[in-house]
S.K.: 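Input: one structure, supplied below.
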Amino acid sequence: MTKVVHKFGGSSLSSAARYQAVANIILGQCQRGDCVVVSAAGKTTNTLVKLWQSYLQKDDNAFNDILLQVENHQNQLLTELFTSQQANTLLEKLKDELQSIAKAAADLNLHEASLLAHGEVWSARLLAHLLSTLNVSALDVDARSLFTQHQGQLLHAQNKQACIEQLSGEKIHIVTGFIASDCDGNTITLGRNGSDYSATLLANYIDAQAVSIWTDTHGVFSTDPRKVSSAIKYPKVCRAQANLLARLGNPVLHAKTLSPLKDTNIKLQVRSSYDPEAVGTEIVKQGYSKDKRFITTFEELDLIRVEGLATGEVRTLSQLIQHSIHHFSKGGEDYLLVPSNDTHAVASHLQGRGNIVESHLRGLAIVAPSHETHQLTQQVAAVLEQQDVVVRFTHSDGRYALFLTDQSIDSDVLAILHDKVVNKGRELAVIIAGLGNVGEVFVDQCQKQVEKLQANFDLKIVALVRSKEMLFCPSGINIQNWQQQWRSEAQSYQQSDLLERIGELDYEHKVVIDITASDAFSDMYPSFVAHDCHLISANKYAGTAAQAWYGKLLEQLQERNLHWRYNTSVGAGLPINFALADLQNSGDAVTRIEGVFSGTLSWLCSSFDGTKPFSDLVLEAQGMGYTEPDPREDLSGRDMQRKLLILARDLGLELDVEDIALEPLMPEHLATGDWDSFLAKRQDLDTFYQSRYEQSQSEGKALRYTGALDIDEQGQVSAKVGIAYVEAGSAIANLTPGDNIFVITSQWYESNPLVIQGPGAGKEVTAAGIHSDLYWLTQKLK
Ligand code: ASP
Ligand code: MG
């Protein structure tokens, strides 16, 4: 049976709510027999370390305070998660354990590792209990009975045997991370943040298929996403680079994590427990992904030069300080980068062989593909100089370069560096769905346009997707010859195949361009977003979906720093969405939007002059292909209603389509029934229209079919789509038949509104409008 190991770190277990979230992930993603590895909840290990220090310092008051803190934290988790009956046994056990800690301290018989081990024991026990209350058969396992180490070496054969014996069966095993034991049964730890290592070790021992490290970020980023918002989340990172990053202290993956995966095919993924739908970063074997660029920063390090460094000594030192140490040689000498706090311990261990060259350093390292490192190193040096950062020490080995300074590298400097050296040569994979009228023109226009975009961007069209078949080519489709390639390589697919292929794309950015008219396709938007795709839609479905779904999609996009453009879903290429965004971004407040947003209805109303019946015009328009196959679809006004909804949402209003009143351009009884029955009763349409036309004439006005949205001073919104009698001579009355018009009234355009008018349909302008969105996106990513 193939098994998966899921590891949840402290930040994923920092509160009762986080435990619930983790239980949900396990319910959704674990199969029977899978293993879960947990760290201590939240900052429990830090607190236990403080407890240990107060014990060493014989500070009884501090010791008692901290022990109480630990107790309160555990009690709180238990009482929030369980009924008092359910919590009872766990509370009893906890009480006993805390009492024996206090007693051991009083007897001066406390051991550091066994004290720290409580953190993981408590979290495994709690999670297993929580799962049991949810009817999942789960069992907590103390890793001290699985992992044995002798003289610093794990006893792999013995451990493997223990894992196979203890972790077989149908249960989900919740294993403590971080801890192991020696041959005499004493507790040892695997180093701070060692639970990732526990998880990969376990995966190796039980021959798992994959390890998921669930953490509080979405994956491995080009730089710290909390400091630089344009940090790129890479879909794939190869093991060597991940290892290097870990050794340089990058917090997502820890130093020893990857070693048990060497020479195995075990898949490693980093995912966010806060956003389990999202696809994380996969750490792949060498050759399965391009090398990427990264900047990682350091705080508070000392640089120590060591004489006569022996093999294995760095490892011993790391173990001593429970922290990874970056080691390198320069000019025939060995250097270590040690956290300033630990320098004392390292120096005393080295007994005079360690010279502190610089202390309290900060700085950064750039990690890059080896053919780029040299040039990028020079660029980094130049930027640091410009930013008045004085570099005290540099070192480079072809795969990375170190810059050490005693100034702090603030987010601004980091953002500038990231922009200059990482966020360059941007790769954008384009997935085009829908090759109907507009889609084909769009692809044709791509030939020229893509060349232009490629000047700044490594942009590739990687997929062309129709409803049943797709052509998927990660290295890029030759767009000149796409038809030919389509004929030979297009394949039928399911939605899940498309998502899987998108998940495999190794690009910095991806965009799905939806030129379909399919609601099933737009239903996939949340999955595209979970796969880190930007979205461009001509399709109106998503933009007009129920507010709850729509709002959630916007939230997801925002969380992941992704963009969604839908300029052509209203007014084709007319820049109406741009104009609305611009007005609002520059501080204006829109109070009214009125207009005609349907080419068909525009043509019908503006062409009607009473010389022939309205239904004749409808049939004429149908014959010229100006209408939907059944023109009643146009006459219903629903399309305009949806477009008005999109505009309303562009103004930040939370509306649903039903909030927009709708008066169709036909009598109610004609709306249903087949087309022939409509034809038989077309005179009813003529009478309907004629009477309204005469009414408008008698008032000296023009009959138009319009949409209007008003926001009054109290912020009350009213919206309606229907027949309107507009002032003769006004922009809407004078509209060229077939054109769209948008009349925007705002604080600044109050007495004389802003008018955008022109063709609001047509394949060329629509395709061009989609290109405009694509161009916008590339500018935004720049
Ligand atoms: N709880 C341990 C620590 O905080 C191990 C881990 O989190 O991975 O270091
Ligand atoms: Mg941790």
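Each ligand, and each atom within it, is numbered from 1 in the order the structure gives. Heavy atoms only: backbone and side chains are in, while hydrogens, waters and symmetry mates are out. Since this is a predicted model, take the numbers as computed values, not measurements.
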S.K.: Could you list the atoms of ligand 1 found under 4.0 angstrom from a heavy atom of N193?
M.R.: 3 (C), 5 (C), 6 (C), 8 (O), 9 (O)

S.K.: N/O of D196 under 3.5 Å from N/O of ligand 1, yes or no?
M.R.: no

S.K.: Using a strict cut-off of less than 4.0 Å between a Lys/Arg side-chain nitrogen and an Asp/Glu carboxylate oxygen, indicate whether D196 and K7 qualify as a salt bridge.
M.R.: yes

S.K.: With a cut-off of 4.0 Å, which atoms of ligand 1 are near a heavy atom of S39?
M.R.: 6 (C), 7 (O), 8 (O)

S.K.: If you measure from atom 5 (C) of ligand 1 to every heavy atom of E120, R192, K7, H323, which option wins on shortest distance?
M.R.: E120

S.K.: Does the plane of the ring in F8 sit parallel, tilted or perpendicular to the ring in W214? Use 30° and 60° as the thresholds.
M.R.: parallel

S.K.: Do F63 and I101 have side-chain heavy atoms sitting under 4.5 Å apart?
M.R.: yes

S.K.: Does the plane of the ring in H395 sit parallel, tilted or perpendicular to the ring in F328? Use 30° and 60° as the thresholds.
M.R.: parallel

S.K.: Can you tell which part of H254 has a heavy atom less than 4.0 Å from ligand 1: side chain, backbone, both or neither?
M.R.: neither

S.K.: Only one of T47, L48, V49 passes side-chain contact (heavy atoms from CB on, under 4.5 Å) with L51; say which it is.
M.R.: L48

S.K.: Is R392 salt-bridged to D406, going by a charged N under 4.0 Å from an acidic O?
M.R.: yes

S.K.: Short list, please: which atoms of ligand 1 are under 4.0 Å from a heavy atom of F178?
M.R.: 2 (C), 5 (C)

S.K.: Are any of the N/O atoms in S195 less than 3.5 Å from those in ligand 1?
M.R.: yes

S.K.: Which ligand 1 atoms are under 4.0 Å away from a heavy-atom of T45?
M.R.: 1 (N), 2 (C), 3 (C), 4 (O)

S.K.: Relative to the heavy atoms of A40, which atoms of ligand 1 are at a distance of less than 4.0 Å?
M.R.: 1 (N)

S.K.: If you count heavy atoms of other groups shown closer than 6.0 angstrom to NZ of K43, is the number above 12?
M.R.: no

S.K.: Look at ligand 1 and say whether K43 reaches it with a heavy atom at a distance under 4.0 Å.
M.R.: no

S.K.: If you measure from the Lys or Arg side-chain nitrogens to the Asp or Glu carboxylate oxygens, is any gap between K292 and D506 under 4.0 Å?
M.R.: yes

S.K.: Pull out every atom of ligand 1 sitting under 4.0 Å from any heavy atom of G194, numbered as shown with elements.
M.R.: 5 (C), 6 (C), 8 (O)

S.K.: Does the residue G10 have a heavy-atom contact with ligand 1, meaning some pair of atoms that are separated by less than 4.0 Å?
M.R.: no

